[in-house]
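Keep in mind that what you see is a predicted model, and the values were worked out from it rather than measured. Computed from heavy atoms alone, side chains included, the values below leave out hydrogens, waters and symmetry copies. First the proteins, then the strands, lettered A, B, ... as listed; each starts at 1.
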Amino acid sequence: MGHVRDLPQSATDIPANVKGEKWAQLGVNVESDFEPLYVIPKDKKKIVTQLKEALKSADELVLATDEDREGESISWHLLQLLQPKVPVKRMVFHEITQDAIRKALKNCRTVDEQLVRAQETRRILDRLVGYTLSPLLWKKIAKGLSAGRVQSVAVRLLVNRERQRRAFRQGSYWDLKATLEAKGKEAKGEFEAKLTTLAGTKVANGSDFDPDTGQIVAGRNVVLLNETQARELLERLTGKPWTVTDLEERPTTRKPAPPFTTSTLQQESNRKLRLSARDTMRVAQNLYEQGYITYMRTDSVHLSEQAIAAARSCVEQMYGKNYLSPQPRQYSTKSKGAQEAHEAIRPAGSSFRTPKETGLSGREFDLYDLIWKRTVATQMADSRQTQVIVQLQVEDAGFRSSGKRIDFPGFLRAYVEGYDDPEAALEDREVILPPLKKGDRPDCKNLEAIGHETQPPARYTEASLVKTLESEGIGRPSTYASIIGTIVDRGYAQIVSNALVPTFTAFAVTALLEQHFPDLVDPSFTSKMEQTLDDIATGEAAWLPYLRKFYSGDAGLETLVKARESQIEANVARTVAFDDLEAKVRIGSYGPYIEAQNGSDTVTASIPKDWTPADLDAELVEKLLKQKTEGPDKVGIHPETGEPIYVKIGPHGPYVQLGEKTEDKPKPKQASLPKGVTPDNLTLETAVGLLSLPRLLGTHPATGGKIQASIGPYGPYVVHDQGKEGKDYRSLKVSDNVLTVTLERALEILAEPKKGRRTSSKSKSALRELGAHPGDGEPVNIFEGPYGLYVKHGKTNAGLPEGQKVEDMTLDKALELLASKESSAKKSTKRKSTKASANGNGTATTAKKKTASSTRKTTTASKSKTKTS
DNA sequence: CAGTGAGCGAGCTTCCGCTTGACTT
């Protein structure tokens with residue numbers, strides 16, 4: 001059940017008797033030795049009552065929470081709440097096996113008060129940081145924003161990377177690629193080689209460029225080839241003899257990666273299964289609850305003896321003795337601040353079920369498969385490979401060819417770790433070179449000049465952010481997924497095709513924090529704090545002086561925030577300047593907007609809702625401002641109505657408008673530009689076409705219903721009007737053009753099954769078909785959804801009761817479930833509609849239920865949803 | 001959907017880290 005007491009989360013949790021106090025909002029009495037105000041959160045009241053009740057008939061209390069700082073604290077809070085009159089023991093165990101628990105019961109101790117103080121200090125410090133900085137942001141930048149020890153560093157990482165990308169200047173270079181053929185008796189076969197040196201000097205490649213200038217790093221002795229030079233060289237080398245000048249074989253071994261922790265599981269799952277950190281945890285939780293895997297929130301790579309034995313037996317059975325590592329492999333945890341309350345994440349039990357044996361499907365199968373493979377691989381032999389490097393010479397040009405031979409795959413048979421960089425994945429591929437030797441004269445079959453451009457540093461993905469945070473010791477296994485949720489929720493980042501893109505707000509907030517609270521947003525802040533907490537836990541440091549110095553001292557946070565509050569000008573804090581833009585971006589109450597001087601006038605223009613700094617360049621700024629000062633661009637005159645057509649950029653991106661807005665015509669016809677059409681490449685024909693949407697394509701041959709094509713909030717679509725049955729919508733594919741799509745093609749698209757928004761492609765088909773519903777003959781099927789198994793009939797879904805197996809379901813049972821659901825359908829529809837209107841736009845992934853239902857609309861929070869869906 | 005960027009004021013927002021269950025699809 002986790003923590004059963006905590007500082008009050010919001011104003012409603014603050015007890016009446018302290019509500020008037022200055023420190024009430026903090027929940028920490030900073031005037032009286034930082035005494036924390038603890039309350040039992042609403043959702044924990046029940047468990048506390050139950051525990052109190054249970055204690056009445058008990059003759060002993062055994063506290064068996066996790067053996068880490070937070071776990072120790074939970075035990076202490078329980079003692080405070082329960083006030084037991086019976087003997088109390090504190091027991092700890094890391095494995096749920098009979099042996100381990102027996103042993104733990106025999107070796108109980110008392111609650112470690114110092115460790116508890118360390119946790120309390122951590123808790124109070126986080127509160128002080130978050131609840132003093134956030135209000136400053138509300139006053140200076142925008143309401144509803146937040147800052148914290150963890151999230152602000154995460155946001156700053158994203159912002160810094162985006163700054164690097166903006167500062168990045170592309171460089172280009174050329175080199176040559178040769179396809180050679182060995183012609184020796186034994187050494188037959190083709191291979192490739194790349195130009196590396198010219199007259200003994202290294203030929204420049206990407207790593208020789210300075211990302212900030214796009215030029216070769218000063219002082220580097222390299223030859224930079226442009227296209228002409230590369231082609232000239234190619235001409236000169238063509239037909240000349242090639243010689244192998246050197247050959248090197250380097251044997252290497254690789255060890256399997258350690259078993260999964262929460263962080264590495266999230267990384268791999270994001271890279272290989274494209275699951276978000278949150279989805280990964282949701283699926284892992286399901287696997288854990290069904291007994292397939294061990295606990296999924298852990299920072300330890302430790303495997304129990306039971307696990308090692310099980311993995312080794314798997315290896316032996318499936319791959320044979322050869323593939324077993326000579327000694328059992330035990331990994332030691334190296335990550336900063338690890339507390340190792342649990343084992344690594346692995347298949348549960350003393351013998352591992354193979355993925356196939358589990359009968360799992362969909363994401364659950366995929367994730368279990370990943371965990372199973374990674375665990376089994378840890379007990380497999382090293383992989384042995386030979387790196388082959390061949391140097392070749394033709395005239396004054398040096399070429400290199402590198403190959404790789406896998407002599408023994410070892411653990412690679414079971415598991416290859418994923419990469420953030422897709423090019424790096426190629427490193428694991430075997431590249432076989434013919435058995436060349438020094439002095440060989442291979443034939444050149446083909447010589448090619450190839451142009452390259454340097455790439456800006458990649459944006460963070462969920463995976464790489466979690467990796468960085470973990471390596472800095474920032475955040476805990478239970479929080480990695482929600483950190484991402486928080487920064488997306490607060491409008492600090494958007495997820496665009498797996499990348500985390502910081503928003504204008506993120507830039508403004510980061511700039512403020514960097515300028516005025518540099519220590520707090522430094523990644524090392526957490527590791528320094530952890531050091532002190534460790535000292536508090538061992539008794540080498542005292543908690544009160546630490547908090548006093550941090551908060552109340554001359555250079556303390558309280559003083560600092562107060563001073564800054566009068567110094568910081570909101571207007572400045574709300575402004576984001578970019579080196580390459582003359583105009584400034586300001587964070588307004590309705591979202592970011594551009595502000596520029598036009599003579600003595602100030603011009604402002606909204607930035608479309610889902611745009612980030614990444615989308616904004618000087619040209620676009622110009623366009624947005626011009627629209628304001630000179631009115632929108634005219635595309636042309638509508639051939640039928642004779643009205644002008646304008647192209648404008650509004651809060652939802654570029655669109656066309658027929659005629660002007662006048663008193664008589666307050667709502668002129670408007671239409672969004674679809675993807676791929678920009679104000680620049682827009683033709684009058686396209687504009688007229690867009691304004692004529694929806695377009696009637698014809699009637700459905702089977703039903704006679706109208707079929708239309710148009711563009712909606714989710715892009716271009718076709719719709720089949722089935723009369724009473726409602727309307728059947730399908731999105732058009734990227735290759736389809738909404739203006740030219742034919743009836744025939746529309747019918748084709750409509751014939752495809754509807755893509756479930758939430759179901760993955762693997763689980764969209766029914767797990768089992770139960771037969772036709774006696775009422776209307778429509779099928780009743782079992783599906784697997786994000787909340788478990790359910791039966792579906794038409795639009796009605798009913799969850800299967802817990803423990804109900806798919807194979808034991810009957811049509812009758814399903815009808816019963818559906819009937820009870822249908823009878824309550826009215827009520828739930830009503831509830832749904834009120835909820836939808838309260839929530840406005842159905843905000844994206846939420847970190848907390850509280851924020852999910854709030855009416856706050858951050859300016860940019862809804863984009864990720866739109867883009868990903 | 002295709003705007004806005006002023007000002008007032010009551011009441012509120014906000015942190016990190018531990019966790020399951022109530023809800024719906």
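- Nucleic acid contact for A/Arg123: base, since at least one base atom lies under 4.0 Å from a heavy atom of the residue.
- Taking atom CD1 of residue A/Ile487 and atom C1' of nucleotide B/dT14, one finds them 16 Å apart after rounding to whole Å.
- Rounded to whole Å, atom P of B/dC18 lies 7 Å from atom CD of A/Gln339.
- Listed pair A/Arg297 / B/dT20 meets the phosphate criterion, a side-chain N or O lying under 4.0 Å from OP1 or OP2.
- Using a 4.0 Å heavy-atom cutoff across all strands shown, A/Glu70 reaches sugar-phosphate atoms only and no base atom.
- When distances run from any side-chain atom of A/Tyr655 to the nucleotides B/dC15, B/dA2, B/dT14, the shortest one goes to B/dA2.
- Remark: A/Ser134 is not in phosphate contact with B/dC15, judged by side-chain N or O atoms under 4.0 Å from OP1 or OP2.
- Nucleic acid contact class of A/Asp66 (heavy atoms, under 4.0 Å, all strands): sugar-phosphate only.
- Nucleic acid contact class of A/Gln151 (heavy atoms, under 4.0 Å, all strands): sugar-phosphate only.
- With B/dA2, B/dC15, B/dT19 as the candidates, the nucleotide lying closest to the side chain of A/Ser146 is B/dC15.
- For B/dT4, the OP1/OP2 oxygens have a side-chain nitrogen or oxygen of A/Lys628 closer than 4.0 Å.
- Between A/Gln285 and the phosphate of B/dT20, there is a side-chain N or O to OP1/OP2 separation shorter than 4.0 Å.
- Rounding to whole angstrom units, CE of residue A/Met296 and P of B/dC18 are separated by 12 Å.
- Looking only at side-chain heavy atoms (C-beta outward), A/Arg282 and A/Arg363 stay at 4.5 Å or farther from each other.
- The listed nucleotides are B/dA2, B/dT19, B/dC15; the one nearest the side chain of A/Tyr131 is B/dC15.
- Checking B/dA22, B/dT19, B/dC15 against every side-chain atom of A/Arg490, the shortest atom distance belongs to B/dC15.
- A cation-pi arrangement is present between A/Arg117 and A/Trp76, with the terminal nitrogen or guanidinium carbon under 6.0 Å from the aromatic centre and inside a 45° cone about the axis.
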Would you tabulate the pairs of protein nitrogen or oxygen atoms and nucleotide nitrogen or oxygen atoms of nucleotides 5-8 of chain B closer than 3.5 angstrom?
unit_1	atom_1	unit_2	atom_2	d
B/dG5	O6	A/Ser606	OG	2.5
B/dG5	N2	A/Ser589	N	3.4
B/dG5	N2	A/Tyr590	N	2.7
B/dG5	N2	A/Gly591	N	3.2
B/dG5	N2	A/Gly591	O	3.0

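- In this structure, the nucleotide among B/dC16, B/dC18, B/dT14 sitting nearest to the side chain of A/Pro135 is B/dT14.
- Taking atom OH of A/Tyr551 as the reference point, atom P of B/dC15 lies 16 Å away to the nearest angstrom.
- Side-chain proximity of A/Tyr288 to the nucleotides B/dT20, B/dT13, B/dG17 is greatest for B/dT20.
- A cation-pi contact links A/Arg127 to A/Tyr131, judged by a cut-off of 6.0 Å to the six-membered ring centre and 45° from its axis.
- Looking at heavy-atom distances under 4.0 Å, A/Arg122 makes contact with a base.
- B/dT25 atom P lies 18 Å from atom CG of A/Asp279, rounded to whole Å.
- In this entry the distance linking CG of A/Leu557 with C1' of B/dT14 reads 14 Å, nearest Å.
- Counting only N and O atoms by type, the side chains of A/Ser146 and A/Gln151 include a donor and acceptor under 3.5 Å apart.
- Distances shown here put a side-chain N or O of A/Arg149 below 4.0 Å from the OP1 or OP2 atom of B/dG17.
- Note on ring orientation: taking the six-membered ring where Trp is involved, the planes of A/Phe550 and A/Phe525 are tilted (angle from 30° to 60°).
- Among the protein residues, A/Gly475 comes within range of the sugar-phosphate backbone only, with heavy atoms under 4.0 Å from sugar or phosphate atoms but none that close to a base.
- Within 4.0 Å of A/Arg127, counting heavy atoms only, lies at least one base atom of the nucleic acid.
- Using a 4.0 Å heavy-atom distance criterion, A/Ser672 is classed as a base contact.
- A/Gln627 has its CD atom 14 Å from the C1' atom of B/dT4, to the nearest Å.
- Salt-bridge check for A/Arg122 with A/Glu70: passed, with a basic side-chain N closer than 4.0 Å to an acidic carboxylate O.
- A/Gly148 comes within 4.0 angstrom of the backbone, heavy atoms only, and of no base.
- Counting non-hydrogen atoms under 4.0 angstrom, A/Tyr480 reaches nothing in the nucleic acid.
- Using a 4.0 Å heavy-atom distance criterion, A/Val129 is classed as making no nucleic acid contact.
- With rounding to whole Å, A/Leu26 atom CG is found 15 Å from B/dT14 atom P.
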